[in-house]
Amino acid sequence: MYLTADQNVTQNRESDMQRMVLPSLLQEKLPRGRVLYRSLAKDPGQFYYLYLPQAEYSRTSLFVSIHGVKRMAKEHADAFATFAERYGVVLVAPVFPADRFPDYQRLGVNKKSLRADHALHDIFEEVSMLTAINTDQLFMFGYSGGGQFVHRYAMAYPEKVKRIVVAAPGWYTFPDQERKYPYGIAKTRKISGHGFDPARFLTIPSCVVVGENDTHRDNELRKGNKIDRQQGENRLERGKSWIRVMKKCAETYHLDTEFNFQVLPDSGHSFLKCMDRGGMGKLVFEFLFGGR
């Protein structure tokens, strides 16, 4: 294949930029104790929030918080920063803009969407350069659409994930090998290079949390006879169903993995109210990192 002069110039510029990225990142000294808004060096259109504790932080634990469809990544970072400081863990909250990632909840398998899982890996690569942290030891949280992303990411990349908490997803991928993704885990081309191995992803301790008042069938909830029969009619029912099925499936593999379901008091479908009224932040960090 021959490149035009313009293509050669573009390719050379991209190569030069890649060569410059690593040294500049390694030389960068980041402030600690405050939430930082960053643009990815290799993809300036990709953004994320980063929090580095003021005290010495663990190099083996990374807390990742995934926003819902309202894209409240900053609110996630601000709300969890206090807990990240207390527990001594680095916090990352990626931003998946709707114009680039309309299908991020399903990892971006829609042909019109960029792959959200690949973008997250690019963020991890940069964060690892900046902090020397091991990004293969992930402790993950996701709210609503972010909860959809997190449990599907754990199924697709079980080797990278230690523990997860998913809060009020509208619906779930079930460990059903007869149904195609994203309803089940039958073999699919949608996630290239990845099958779903229950013997691996069922080893990941998982907790679902839902507000006690989160029972409305709102516009963001996927509806229909097929999904209602499989999962239930609202987020409370669906969370209970998924945990029950995951626990039962784990038992068939002789696994005693922790699968929990928690109801948040005085909370509906609102991230901020779940944090303020339902005590979600404390519950999330205790499940992921233990009491502190």
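Considering only heavy atoms from C-beta on, Phe141 comes within 4.5 Å of Met280 through its side chain. Inter-residue side-chain proximity for Met140 and Leu120 is flagged as met; some heavy-atom pair is nearer than 4.5 Å. When side chains are defined from C-beta on, Ser128 does not count as touching Glu125, because their heavy atoms never get closer than 4.5 Å. Residues Leu62 and Phe124 form a side-chain contact, since some pair of their non-hydrogen atoms from C-beta on lies under 4.5 Å apart. Thr135 is not listed as a side-chain neighbour of Val92, based on a closest heavy-atom distance of 4.5 Å or more. For the pair Asp218 and Lys223, the minimum side-chain heavy-atom distance is 4.5 Å or more. In this structure, the side chains of Cys249 and Pro175 come closer than 4.5 Å at one or more pairs of heavy atoms. Proximity of His67 to Tyr104: side-chain heavy atoms (C-beta onward) are separated by under 4.5 Å at one or more points.
With hydrophobic clusters built from ILVMFWY side chains whose heavy atoms lie under 4.5 angstrom apart, Tyr183 does not share a cluster with Phe149. Linking Ile, Leu, Val, Met, Phe, Trp and Tyr residues whenever their side-chain heavy atoms come within less than 4.5 Å places Leu114 and Tyr157 in a single cluster. Linking Ile, Leu, Val, Met, Phe, Trp and Tyr whenever their side-chain heavy atoms come within less than 4.5 Å puts Val35 and Val95 in one cluster. Cluster membership check: Leu130 shares its hydrophobic cluster with Leu40, using side-chain heavy-atom separations under 4.5 Å among Ile, Leu, Val, Met, Phe, Trp and Tyr. The hydrophobic clustering, which links ILVMFWY residues whose side-chain heavy atoms are closer than 4.5 Å, places Met155 and Val245 together.
Under the 30°/60° scheme for interplanar angles, the aromatic rings of Phe285 and Phe63 are found to be tilted.
Minimum interatomic distance between Leu36 and Pro31 (heavy atoms only, all atoms of both residues): CD2-CG, 3.6 Å. Taking each heavy atom of Gly268 and Tyr143 in turn, the nearest pair found is O-OH, 4.0 Å. The two residues Asp136 and Asn134 make their nearest non-hydrogen contact at N-OD1, 2.9 Å. Heavy-atom minimum distance, Ile133 versus Thr60: CG1-N, 4.4 Å. Considering every non-hydrogen atom in both Ile66 and Pro94, the closest pair reads CD1-CG, 3.4 Å. The nearest pair of heavy atoms linking Glu233 to Glu237 is N-OE1, 2.7 Å.
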What donor-acceptor contacts under 3.5 angstrom involve side-chain atoms of residues 202-209, with partners at least two apart or in another chain?
| residue | atom | partner | partner atom | Å |
| --- | --- | --- | --- | --- |
| Thr203 | OG1 | Arg200 | O | 2.6 |
| Ser206 | OG | Ile204 | O | 2.9 |

Side-chain atoms of residues 47-54: list all donor-acceptor pairs with protein atoms under 3.5 Å, sequence neighbours left out, distances to 0.1 Å.
| residue | atom | partner | partner atom | Å |
| --- | --- | --- | --- | --- |
| Tyr48 | OH | Arg38 | NE | 2.9 |
| Tyr48 | OH | Glu126 | OE2 | 2.7 |
| Tyr51 | OH | Glu85 | OE1 | 2.6 |

Side chains of residues 68-83: which donor-acceptor pairs under 3.5 Å do they make with residues two or more places apart or in other chains?
| residue | atom | partner | partner atom | Å |
| --- | --- | --- | --- | --- |
| Arg71 | NE | Phe96 | O | 2.7 |
| Arg71 | NH1 | Val69 | O | 3.0 |
| Arg71 | NH2 | Phe96 | O | 3.2 |
| Arg71 | NH2 | Phe101 | O | 3.1 |
| Lys74 | NZ | Asp78 | OD2 | 2.6 |
| His76 | ND1 | Ser65 | OG | 2.7 |

For a quick test of your reading: what N or O donor-acceptor pairs under 3.5 Å do the side chains of residues 163-174 make, sequence neighbours left out?
| residue | atom | partner | partner atom | Å |
| --- | --- | --- | --- | --- |
| Arg163 | NE | Phe287 | O | 2.8 |
| Arg163 | NH2 | Glu258 | OE1 | 2.9 |
| Arg163 | NH2 | Phe287 | O | 3.3 |
| Trp171 | NE1 | Gln148 | OE1 | 3.2 |
| Thr173 | OG1 | Arg152 | NE | 2.7 |
| Thr173 | OG1 | Pro182 | O | 2.5 |

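Although no hydrogens or angles enter the test, the distance criterion places a donor-acceptor pair under 3.5 Å between the side chain of Ser39 and the main chain of Pro44. Formation of a donor-acceptor pair under 3.5 Å by the Glu212 side chain with backbone atoms of Asp266 is found in this model. A donor-acceptor pair under 3.5 Å is formed between the side chain of Tyr181 and the backbone N or O of Arg106. Between the side chain of Ser113 and the backbone N or O of Gly108, no donor-acceptor pair lies under 3.5 Å.
Atom OG of Ser61 and atom NZ of Lys162 lie 8.5 Å apart (nearest 0.5 Å). For the atom pair NE2 (His216) and CG (Asn234), the distance works out to 9.5 Å, reported to the nearest 0.5 Å. The line from CG of Asp99 to NZ of Lys112 is 14.5 Å long, rounded to the nearest 0.5 Å. To the nearest 0.5 Å, atom CD of residue Glu159 and atom CG of residue Leu138 are 9.5 Å apart. Atom CG of Asp122 is separated from atom NZ of Lys42 by 4.0 Å, given to the nearest 0.5 angstrom. A distance of 6.5 Å separates CZ of Arg59 from OG1 of Thr131, quoted to the nearest 0.5 Å.
Asp197 pairs by the side chain to side chain donor-acceptor pair (under 3.5 Å) definition with nothing, not counting sequence neighbours. When the side chain to side chain donor-acceptor pair (under 3.5 Å) test is applied to Arg32, no partner is found at least two apart in sequence or on another chain.
Within a 6.0 Å sphere centred on NZ of Lys248, other residues, nucleotides and ligands contribute 12 heavy atoms or fewer. Taking a 6.0 Å sphere around NZ of Lys160, one finds it holds more than 12 heavy atoms contributed by other residues, nucleotides or ligands. Other residues, nucleotides and ligands contribute more than 12 heavy atoms inside 6.0 Å of the CZ atom of Arg217.
Contact check on Arg238 versus Asp228 returns a salt bridge, with a Lys/Arg side-chain nitrogen under 4.0 Å from an Asp/Glu carboxylate oxygen. We find that Arg100 and Asp43 are joined by a salt bridge, their nearest charged nitrogen and carboxylate oxygen being less than 4.0 Å apart.
Tyr153 and His121 have their aromatic ring centers within a separation under 6.0 angstrom.
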>> Is there a side-chain contact (heavy atoms from CB on, under 4.5 Å) between Phe201 and Thr257? Walk through the geometry before answering.
In response: CA-CA 10 Å; Phe201 69 69; Thr257 307; over 6 Å; no
